[in-house]
Amino acid sequence: MLPVGPPALMNLRRVTLGAAGGEPGARVRVTGVGFTPGAAVTVEGRAATAPTADRVRAAADARGAVAVKLAVTDRATTGVLAYEGPAWSPQRGSAPAPYAVSAPDPGTLTLTQAGAAVTLGAVAYGGGGAAPGRIGTVTVKDTRIGGGRWQLTATLTGFTGRDAAGAPGAVLSWTPSCRGGCVPGPAGRAGPEGAAVLATGGAGTATVDAALTLTLPAYTPPGTYRAVLTLTLHSF
């Protein structure tokens with residue numbers, strides 16, 4: 001005998017997403033079709049079979065279509081579905097459309113320098129004097145999310161010549177300068193006794209420089225002298 005009664009209705013409800021994923025808080029466009037015209041429809045995030053905190057309600061139009069934007073803030077959300085009635089059921093709800101919540105880009109803190117060598121001017125033998133120069137442009141780029149501060153410092157080794165002899169009494173001083181959301185450090189000595197502050201700043205891009213002056217005492221032995229100025233970028 002054939003079964004008596006009305007034929008089972010096919011569930012034509014389905015949803016499509018405007019994006020397959022995004023960072024937490026992204027608003028994804030959800031389009032649904034096949035719902036009962038005028039019915040209240042819940043669009044909901046899912047983690048496997050469990051509902052997540054992401055939810056928005058709308059009404060189906062005269063054609064049974066729904067178009068809403070769902071803010072996906074729950075990192076557990078792996079899919080989005082829609083349904084009529086108080087809760088999802090296979091008869092009155094759609095299958096989930098996959099959605100991936102990605103971790104936000106934490107950003108970076110980087111330092112680049114226009115050239116690694118600093119050349120100072122010459123000083124005539126006998127009378128001593130000052131040799132001018134500059135460190136060259138240093139660019140600090142801070143794209144970290146949530147803010148934060150940075151500080152650029154420098155330490156200097158002693159000056160030595162080719163025969164490893166030092167330059168007693170040599171003093172390197174500087175006058176820092178910077179542009180772009182930063183504050184230059186104080187003018188003064190950049191020496192081995194401690195780290196001197198070149199600049200401090202925060203988010204954005206800053207360009208930092210410093211005018212240098214190497215002061216040599218009278219009768220410093222002639223020759224070429226070298227030292228290492230080490231720049232260190234601190235994050236805090």
Side-chain angles (χ1 to χ4, degrees), residues 15-32 42-58 66-82 94-116 118 134-156 174-187 190 194-210 228-236:
V15 295
T16 56
L17 306 182
E23 295 184 357
R27 292 170 60 84
V28 59
R29 183 172 179 81
V30 183
T31 303
T42 300
V43 177
E44 186 175 82
R46 286 291 170 118
T49 59
T52 67
D54 303 323
R55 187 174 296 105
V56 67
R57 291 180 173 85
V66 174
V68 295
K69 285 191 175 181
L70 175 68
V72 182
T73 59
D74 195 325
R75 293 177 182 267
T77 295
T78 58
V80 176
L81 51 72
S94 73
Y99 187 87
V101 181
S102 59
D105 182 357
T108 57
L109 177 63
T110 59
L111 178 150
T112 55
Q113 184 176 5
V118 176
R134 54 184 290 266
I135 65 170
T137 301
V138 176
T139 302
V140 178
K141 182 175 290 186
D142 188 354
T143 61
R144 294 172 296 171
I145 293 177
R149 301 288 293 172
W150 54 263
Q151 185 178 73
L152 185 60
T153 63
T155 55
L156 182 72
W174 66 7
T175 302
S177 60
C178 67
R179 294 182 300 171
C182 57
V183 178
V197 176
L198 182 57
T200 57
T205 300
T207 55
V208 185
D209 205 338
V228 177
L229 182 68
T230 302
L231 302 180
T232 304
L233 182 60
H234 307 270
S235 171
F236 57 92

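- The distance from atom CG of Leu17 to atom CZ of Arg29, rounded to the nearest 0.5 Å, is 11.5 Å.
- Closest approach of Ala47 and Ala76 over heavy atoms only: CB-O, 3.3 Å.
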List the steps and the verdict of side-chain contact (heavy atoms from CB on, under 4.5 Å) for Leu156 and Val228.
CA-CA 6 Å; Leu156 182 72; Val228 177; over 6 Å; no
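- Proximity of Glu44 to Leu81: side-chain heavy atoms (C-beta onward) are separated by under 4.5 Å at one or more points.
- Taking NZ of Lys69 as the start and OG1 of Thr31 as the end, the distance is 10.5 Å to the nearest 0.5 Å.
- Counting only residues at least two apart or in different chains, salt bridge (Lys or Arg N to Asp or Glu O under 4.0 Å) contacts with residues 136-146 comprise Asp142-Arg144.
- With sequence neighbours excluded, the residues satisfying salt bridge (charged side-chain N to carboxylate O under 4.0 Å, His left out) with Asp209 are Arg134.
- Closest heavy-atom contact between Gly180 and Ala206: O-CB, 3.4 Å.
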Start with the C-alpha distance between Thr153 and Leu198, add both sets of side-chain angles, then the distance that settles side-chain contact (heavy atoms from CB on, under 4.5 Å), and finish with yes or no.
CA-CA 5 Å; Thr153 63; Leu198 182 57; over 6 Å; no
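- At distances below 3.5 Å, at least one donor-acceptor pair connects side-chain atoms of Thr143 with backbone N or O atoms of Thr108.
- Proximity of Ile145 to Pro106: side-chain heavy atoms (C-beta onward) are nowhere separated by under 4.5 Å.
- Contact annotation: the side chain of Leu111 approaches that of Leu152 to within less than 4.5 Å [non-hydrogen atoms, C-beta and beyond].
- The main-chain N or O of Leu231 is never found under 3.5 Å from a side-chain atom of Gln113 such that the two would form a donor-acceptor pair.
- Between the side chains of Thr207 and Thr139, no donor N or O sits under 3.5 Å from an acceptor N or O.
- For the pair Tyr99 (side chain) and Gly45 (backbone), a donor-acceptor distance under 3.5 Å is absent.
- Summarising the geometry, atom OG1 belonging to Thr73 is positioned 4.5 Å from atom CG belonging to Asp54; distances are rounded to the nearest 0.5 Å.
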Would Val72 and Asp74 count as a side-chain contact (heavy atoms from CB on, under 4.5 Å) here? Give the steps.
CA-CA 6 Å; Val72 182; Asp74 195 325; 5.8 Å; no
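- The distance from atom CD of Gln151 to atom SG of Cys182, rounded to the nearest 0.5 Å, is 12.5 Å.
- For Trp150 (side chain) and Ser235 (main-chain N/O), no donor-acceptor pair under 3.5 Å exists by modelled atom type.
- Exactly one of Val66, Thr42, Val43 qualifies for a side-chain contact (heavy atoms from CB on, under 4.5 Å) with Arg57. That residue is Thr42.
- Between Pro24 and Pro104, the closest heavy-atom pair is CD-CD, 3.9 Å.
- No more than 12 heavy atoms of other residues, nucleotides or ligands shown are found within 6.0 angstrom of CZ on Arg179.
- Residues Trp174 and Pro186 approach most closely at NE1-O, 3.9 Å, considering heavy atoms.
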Might you work through the side-chain contact (heavy atoms from CB on, under 4.5 Å) test for Thr137 and Val208, ending with a clear yes or no?
CA-CA 6 Å; Thr137 301; Val208 185; over 6 Å; no
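- Under the 4.5 Å side-chain criterion, counting only non-hydrogen atoms from C-beta, Leu233 is in contact with Val140.
- Of the inter-residue distances, the one linking Thr77 atom OG1 with Arg46 atom CZ reads 10.5 Å to the nearest 0.5 angstrom.
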